[in-house]
Number of protein chains: 2
Amino acid sequence: MAEKPSRRDQILNAAAELFARHGFHGVGIDDIGAAVGISGPALYRHFRSKDAMLGEMLTSISERLLDGGQRRVDAAASPDEALRELVGWHVDFALDDPALITVQARNLANLTDPDRRRVRALQRRYVEVWVDTIRRTVTDFDEPTARAAAHAVFGLINSTPHSAHLDRDQMAALLTRMALASLAPAAVPS
Amino acid sequence: MAEKPSRRDQILNAAAELFARHGFHGVGIDDIGAAVGISGPALYRHFRSKDAMLGEMLTSISERLLDGGQRRVDAAASPDEALRELVGWHVDFALDDPALITVQARNLANLTDPDRRRVRALQRRYVEVWVDTIRRTVTDFDEPTARAAAHAVFGLINSTPHSAHLDRDQMAALLTRMALASLAPAAVPS
DNA sequence: GGAGGAGGTTAGCAGCCGTTCACATGGGGC
DNA sequence: GCCCCATGTGAACGGCTGCTAACCTCCTCC
């Protein structure tokens, strides 16, 4: 028997979709309700506020990203493999949950202060995993450069939602190839 | 004598900064006014509406991107040079105007229908310039793949605003290197 | 079979926000 | 010197939106 998603999760999924498409402020409480077949204020039986929905959404994404990434790096046998695993992990995430990735990339500013602090902290730790892994394979990057490179790769991979012209597998292959190529050590013209 | 920016342009710049930081709906008319030292409704002496500001902002960015890109490609002597020029152009743009790039990447959804159509059309033409250039240098990409690759490179380059840890020149060098590497023909393991 | 809680409904309120209005003012051309 | 238009102001309005309130209806469990 497949897991029946709880009402909370239904709501969160629908809200993520809407937030991704129209932006946090562009979506009304009634819209979210309508998307799950109930209407407006019924949402308050499940969440304290609209802000709370965004907060829960973003902290959960950030936690999943961080510990999935950490786990894969820990399990990898070599730095190169770690990097490939990390790229694969992020690509899969972005392709499987484009709405969540979009919301996370765009709507940090709409969080409550405490929520934002929490999410920021998680994101920093995730970036740190990337920075360490990158520096173990691309030896000519100093730390700030590696950090900037990590953000650039996120941008590359997270671009997914804007172009659905390829099927999932082709897209995964393309993004993986491009991401790894962009992080390859500088080609030294002999 | 330096160009004195017209009031309109002052407003547009301030609004771009605010839209980039808080999102279109997260910024009030009064906020924009305050940012240029006038207050609230005075803006209506210069723009018909808040939507009109976003509309003008995005069409002007899209036009500048398109014809700068087109010009550089036309002036290039070889496909490889054309691609390098295109990457350099987009990188410069993103680094010089991070707010505009951010707004363009995130706030398409907030445009009026006719404005959105206009901007979409311009963006499509810009992407087409990239697709053609990419396909002339990376011969193993079919058209949909090249289009997806172009979007991915935009994501990579537009990630700029999220990481200001490097100075402009280093950042430009890094982004250019990564973008070109990500588009290099697939390394065939001999 | 009656009590009660979970989850839903509609009506309404309060605050915000884009926009308009009536009015001030100051610098240039006749 | 006067007029007038460009530019700015504060007050007010109307609609939208997040949230609360009051009420209904099952389903469950003793």
Side-chain angles (χ1 to χ4, degrees), chain A residues 1 3-59 103 106-116, chain B residues 1 3-59 103 106-116:
Chain A
M1 55 191 114
E3 287 289 325
K4 57 157 196 226
S6 72
R7 194 107 258 213
R8 278 182 73 85
D9 293 343
Q10 278 183 53
I11 295 173
L12 247 24
N13 288 341
E17 205 78 35
L18 290 170
F19 290 166
R21 187 148 38 231
H22 307 290
F24 181 70
H25 291 294
V27 176
I29 276 299
D30 291 345
D31 301 327
I32 303 174
V36 296
I38 66 184
S39 227
L43 298 175
Y44 289 83
R45 301 289 167 192
H46 305 275
F47 295 92
R48 207 173 14 305
S49 68
K50 191 186 169 194
D51 295 305
M53 291 183 213
L54 187 63
E56 193 164 322
M57 200 181 301
L58 291 197
T59 52
V103 174
R106 298 189 182 172
N107 292 58
L108 233 189
N110 299 308
L111 284 174
T112 308
D113 283 341
D115 279 342
R116 184 168 41 247
Chain B
M1 54 190 116
E3 287 290 324
K4 56 154 197 229
S6 72
R7 193 106 261 211
R8 278 181 73 86
D9 293 342
Q10 278 183 53
I11 294 172
L12 247 24
N13 288 341
E17 204 78 36
L18 290 170
F19 289 165
R21 188 149 35 232
H22 303 110
F24 181 69
H25 292 292
V27 176
I29 275 300
D30 292 345
D31 300 326
I32 303 174
V36 296
I38 67 184
S39 226
L43 297 174
Y44 287 82
R45 300 292 167 190
H46 305 276
F47 294 92
R48 202 166 11 351
S49 69
K50 192 186 169 194
D51 294 306
M53 292 183 214
L54 186 64
E56 194 164 322
M57 200 180 301
L58 290 197
T59 52
V103 174
R106 297 187 184 175
N107 291 54
L108 232 190
N110 299 308
L111 284 173
T112 308
D113 282 341
D115 280 341
R116 184 169 42 246

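Proteins come first, then strands; the chains are lettered A, B, ... in the order of their sequence lines, and each starts at number 1.
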Find the distance [X]:[atom1] to [N]:[atom2] and express it as a whole number of Å.
X: A:Met53; N: D:dG18; atom1: CE; atom2: P; answer: 9 Å
X: A:Arg45; N: C:dT10; atom1: CZ; atom2: P; answer: 13 Å
X: A:Leu18; N: D:dT17; atom1: CG; atom2: P; answer: 13 Å
X: B:Leu43; N: D:dT7; atom1: CG; atom2: C1'; answer: 12 Å
X: A:Ile29; N: D:dC19; atom1: CD1; atom2: P; answer: 6 Å
X: A:Ile11; N: C:dG8; atom1: CD1; atom2: P; answer: 7 Å
X: A:His25; N: C:dC17; atom1: NE2; atom2: P; answer: 9 Å
X: B:Tyr44; N: C:dC17; atom1: OH; atom2: C1'; answer: 9 Å

Trace of the side-chain contact (heavy atoms from CB on, under 4.5 Å) decision for B:Phe19 with B:Arg106:
CA-CA 9 Å; B:Phe19 289 165; B:Arg106 297 187 184 175; over 6 Å; no

So CZ of B:Arg7 and CD of B:Gln10: to nearest 0.5 Å the spacing works out to 4.5 Å

How far apart are the C-alpha atoms of B:Arg8 and B:Phe47, what are their side-chain angles, what is the distance that settles it, and do they pass the side-chain contact (heavy atoms from CB on, under 4.5 Å) test?
CA-CA 8 Å; B:Arg8 278 181 73 86; B:Phe47 294 92; 3.5 Å; yes

Taking only N and O in the side chain of B:His46, is any of them less than 4.0 Å away from OP1 or OP2 of D:dG8?
yes

Taking only the side-chain nitrogens and oxygens of B:Arg7, find out if one of them lies under 4.0 Å from OP1 or OP2 of D:dG8.
yes

Assert: residue with more 5' nearest nucleotide on DNA chain C, out of B:Gly28 and A:Gly40, is A:Gly40

How would you label the contact of B:Val36 with the nucleic acid (heavy atoms, under 4.0 Å): base, sugar-phosphate, or nothing?
nothing

Should B:Asp115 and B:Asp51 count as side-chain neighbours, where that means a heavy-atom distance under 4.5 Å?
no

From D:dG8, D:dG10, D:dT20, nucleotide with atom closest to B:Ile38 side chain
D:dG8

